[in-house]
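Some notes on the structure that comes next.
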Amino acid sequence: MSFSFFKALRPKTPQEVAKSIKESLMALDTKTVVEVKALEKALEEVEKNFVTMRTMLSGDGESEPNLDQVSQLVEEICKEDVLTLLIHKLPILGWEARKDLVHCWSILLKHKVETNYYCVEYIEQHIELLDFLVVCYDNKDIALSCGIMLRECIKFPSLARYILESASFVLFFKFVELPNFDVASDAFSTFKDLLTKHVNVVSEFLTAHYDEFFDLYEKLLTSPNYVTRRQSLKLLSEFLLESPNSQIMKQYILEVRYLKVMMTLLRDSSKNIQLSAFHIFKVFVANPNKPREVKIILSKNQEKLLDLLHNLSPGKGYNTFSNYLI
């Protein structure tokens, strides 16, 4: 006869996991910096609960997750407002807890319960959570985690649309030039996704906010920071030359101020920036409906432009294109 002095722990149900996560996150509110040990213990409890959540959502490495349990957990997390706590407590969490949360975030958003994305619908009903994540770029300790979570949100058109239309969107023009290179690069990745993931959403946004957006974007193109100039110029080509944005492009190439920006970038010390500027500049030049002001500027700078373009695009391509300037 065998005896066991240790009773096997019963695995927690999805409801119990969600409740434990909620209680451990809420417990952080009762701890202060003065109570260092109490706070550390509370954070350890959060980490333990996040590991349980991660295992339930993605399996333990030996067995696949139970999809019924995943659905139940997703429902409970939304029902108990755990999603709000997960975001609001990000600044307090330790590195391990943030890593597990970022891993779980993608699964939570992508998981369908029947035909519904419960977590996406929850965020749509608590849309201020997206503003919170955007503003977190100002906190370098959690900026990269928030960036990953934001990019997961942006995969859904409704959430991407909200960020584009929100007051917090303009903060990206500041974040992409932050002194911390890693944070600035991550912010630019999110900025790029916002402007390229959903072309119809972007087209509607640019049509409605044309002047405001391109006023701000011009500052990126003329930034003293080389990385900012190069990345923003390359991104401009990507979203401006997309077919749904053809009307935006037609409007852009009618404006003298933006022609001057491209002509300035053609003289940049970087060959890469010159070439990227050339791809947009040639659309100005090839436009059969050039305004008089654009024709005058091209005419006045014809010789200098021909010299520049010859150095950039020698050979047959140059000869074909130069005909537009003569």
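Both backbone and side-chain heavy atoms feed into the values below; hydrogens, waters and symmetry mates do not. Predicted, not measured: the structure shown is a model, and the values here were computed from it.
No hydrogens or angles considered: nothing links the side chains of Tyr118 and Ser71 as a donor-acceptor pair under 3.5 Å. Between Thr196 and Glu238, the side chains place no donor N or O within less than 3.5 Å of an acceptor N or O (distance only, hydrogens not considered). A side-chain donor from one of Ser20 and Lys12 sits under 3.5 Å from a side-chain acceptor of the other.
Contacts of Tyr217 classified as ring-ring contact (aromatic ring centres under 6.0 Å, His included), with partners at least two apart in sequence or in another chain: Phe213, Phe239. Evaluation of the side chain to side chain contact (heavy atoms under 4.5 Å, CB included) rule for Leu144 yields Asp186 as partners, not counting sequence neighbours. Not counting sequence neighbours, the partners of Lys155 by the side-chain hydrogen bond (donor to acceptor under 3.5 Å, both in side chains) test are Glu152. Under the salt bridge (charged side-chain N to carboxylate O under 4.0 Å, His left out) criterion, Glu16 pairs with Arg10, sequence neighbours left out.
Across Glu165 and Phe205, no two heavy atoms sit closer than the pair OE2-CD1, 4.2 Å. Residue Leu194 comes nearest to Ala160 through the heavy atom pair CD2-O, 3.9 Å, listed as atom of the first residue, atom of the second, then distance. Closest non-hydrogen pair, Leu233 versus Ala277, comes out as CD2-N, 3.4 Å. Taking each heavy atom of Thr13 and Met56 in turn, the nearest pair found is C-CE, 4.2 Å. Contact record, Leu133 with Cys146: O-CB, 3.8 Å, taken as the closest heavy-atom pair. In terms of heavy-atom proximity, Phe214 sits nearest to Tyr252 at CD2-CE1, 3.6 Å.
Side-chain heavy atoms closer than 4.5 Å link hydrophobic residues (I, L, V, M, F, W, Y) into clusters, and following such links, even through other members, never connects Leu240 to Val199. Taking hydrophobic clusters as Ile, Leu, Val, Met, Phe, Trp and Tyr residues chained together by side-chain heavy-atom distances below 4.5 Å, Leu85 does not share a cluster with Val51.
Remark: Leu305 CG to Met263 CE distance equals 4.5 Å, nearest 0.5 Å. Asn301 CG to Ile296 CD1: the interatomic distance, rounded to the nearest 0.5 Å, is 12.0 Å. Atom CD1 of Ile92 sits about 8.5 Å away from atom CG of Leu25, to the nearest 0.5 Å. Of the inter-residue distances, the one linking Leu235 atom CG with Ser276 atom OG reads 11.0 Å to the nearest 0.5 angstrom. The distance from the NZ atom of Lys19 to the CD atom of Gln15 is 11.0 Å, given to the nearest 0.5 Å. Taking OG of Ser232 as the start and CD of Glu218 as the end, the distance is 11.0 Å to the nearest 0.5 Å.
Using a 4.5 Å cut-off on side-chain heavy atoms (C-beta onward), Val17 and Asn49 make no contact.
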Evaluate side-chain contact (heavy atoms from CB on, under 4.5 Å) for Leu236 paired with Met262, printing each intermediate quantity in order.
CA-CA 11 Å; Leu236 180 64; Met262 291 306 137; 3.8 Å; yes
Could you walk me through whether Arg151 and Ser189 pass the side-chain contact (heavy atoms from CB on, under 4.5 Å) check?
CA-CA 8 Å; Arg151 287 191 291 279; Ser189 294; 4.0 Å; yes
Could you walk me through whether Arg98 and Asp141 pass the salt bridge (charged side-chain N to carboxylate O under 4.0 Å, His left out) check?
CA-CA 10 Å; Arg98 289 201 305 270; Asp141 293 330; over 6 Å; no
Report the C-alpha separation of Leu90 and Met149 in whole Å, then their side-chain angles, then the decisive distance to 0.1 Å, and conclude whether the side-chain contact (heavy atoms from CB on, under 4.5 Å) test is met.
CA-CA 11 Å; Leu90 258 170; Met149 293 168 71; 3.8 Å; yes
Residues Val294, Leu254; criterion side-chain contact (heavy atoms from CB on, under 4.5 Å); working and verdict
CA-CA 7 Å; Val294 169; Leu254 293 177; over 6 Å; no
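The number of heavy atoms from other shown groups lying within 6.0 Å of NZ (Lys22) is above 12. Around NZ of Lys89, the count of heavy atoms belonging to other residues, nucleotides or ligands within 6.0 Å exceeds 12. For CZ of Arg292, the number of neighbouring non-hydrogen atoms (other residues, nucleotides, ligands) closer than 6.0 Å is 12 at most.
Within the structure, ring-ring contact (aromatic ring centres under 6.0 Å, His included) pairs that include any residue of residues 80-103 comprise His88-Phe132 (at least two apart or interchain).
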Taking only distance into account, with no hydrogens and no angle test, what donor-acceptor pairs under 3.5 Å do side-chain atoms of residues 168-177 form with protein atoms, sequence neighbours excluded?
| from | atom 1 | to | atom 2 | distance (Å) |
| --- | --- | --- | --- | --- |
| Ser168 | OG | Asp131 | OD1 | 2.8 |
| Ser168 | OG | Ser166 | OG | 2.8 |
| Lys174 | NZ | Asp138 | OD1 | 3.3 |
| Lys174 | NZ | Asp138 | OD2 | 3.1 |
| Glu177 | OE1 | Ser223 | OG | 2.5 |
| Glu177 | OE1 | Thr228 | OG1 | 3.4 |

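Panel note: side chain Ser299, backbone Lys295; no donor-acceptor pair is recorded below 3.5 Å. A side-chain donor-acceptor contact under 3.5 Å links His198 to the backbone of Ile154.
One finds a salt bridge joining Glu45 and Lys48 here, because a Lys/Arg side-chain nitrogen approaches an Asp/Glu carboxylate oxygen to under 4.0 Å.
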